[in-house]
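Throughout, numbering of the chain's residues begins at 1 and tracks the sequence. No hydrogens, no waters, no symmetry mates; every other heavy atom, side chains included, goes into these values.
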Amino acid sequence: MRRPLQVTLLVLSGLGLLHASLFTDLCLRYVKPSMRPMLVVSGFLLILLGIAEAWSRRKADGGDDHAGHNHSKVPRVAWLLFLPALSLLFYAPPALGAYTASRAATKAVPVQDSFDPLPATSPLPITLTDFTTRVQQDRKRAIKGRTVQMTGFVTPDKGSTYWDLTRIMISCCAADAQSIKVRVYGIPALAANTWVTITGTWHASGTLGTSSARAALNGVTVEKVAKPVNAYQDSLPFPTSR
């Protein structure tokens, strides 16, 4: 790979990073928002390195007929480096969704010894993790008979009468994704990856307040919603971004 192509690769990679992190929100498909500033800085650095490389080559060409010519060979596989750079500019992979959730590791529910009283609000907004923890660990069974409201995306289960309301969580980036799911009964599944807010009550399965209880819901209503800003957190939705 000759130096002009090296310069092109550096600049394209930098532009791709800036396109994904500064000019659009594409980077939030793959990393936490806190990493966005680092991607912006990396994009500018790659462009500056490309400019510096081009400038050094220009100066070298002016002083020596053979200077600036690199006769060493780079493996052809190095050409594949252009693919991620171009994909960030022209075809960014989609965000994690139902396909990933069906294969990602299930996040372990944290052990909790005591629980605060639930608000009297009905329906009760609750995260999937909190609902699961209440169902499986709250010996006072405060969740029994309560109408709850949760937000996530649809993960269908082919050939089944139920589907999973899902949230995906990342600690750093998409590579460490884990999912949490609540099984939904009584409402037909919408299309995979559709973001919904669902209300319902606990679907009795196992003994409430013990590990035998399944995190499942008898659905009452379901409403399509826009994907929340905090899509990779299992928390109550922030204002949506369309």
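- For residues 191-204, the side-chain hydrogen bond (donor to acceptor under 3.5 Å, both in side chains) pairs, not counting sequence neighbours, are Thr151-Thr197, Thr199-Thr221, His203-Asn218.
- Not a single salt bridge (Lys or Arg N to Asp or Glu O under 4.0 Å) links Asp234 to another residue, sequence neighbours left out.
- Residues in residues 156-178 take part in these ring pair (Phe, Tyr, Trp, His ring centres under 6.0 Å) pairs, two or more places apart or across chains: Tyr162-Tyr185.
- For the residue pair Thr129 / Thr127, no side-chain donor-acceptor distance below 3.5 Å is found, with atom types taken as modelled.
- Among all heavy-atom pairs drawn from Arg146 and Thr121, the shortest one is NH2-O, 2.8 Å.
- The minimum heavy-atom distance between Ala20 and Leu88, with the atom names listed, is CB-CD2, 4.2 Å.
- Smallest separation of non-hydrogen atoms from Gln137 and Gln112: OE1-N, 2.6 Å.
- Among pairs with a residue in residues 4-30, none fulfils ring pair (Phe, Tyr, Trp, His ring centres under 6.0 Å), at least two apart in sequence or across chains.
- Here the closest non-hydrogen pair linking Pro84 and Ser87 is O-OG, 2.8 Å.
- In terms of the salt bridge (Lys or Arg N to Asp or Glu O under 4.0 Å) criterion, residue partners of Arg36 (sequence neighbours excluded) are, by chain and number, Asp25.
- Among residues two or more places apart in sequence or in another chain, the side-chain hydrogen bond (donor to acceptor under 3.5 Å, both in side chains) test is passed with Ser205 by none.
- The two residues Leu17 and Leu46 come nearest to each other via the heavy atoms CD1-CD1, 3.7 Å.
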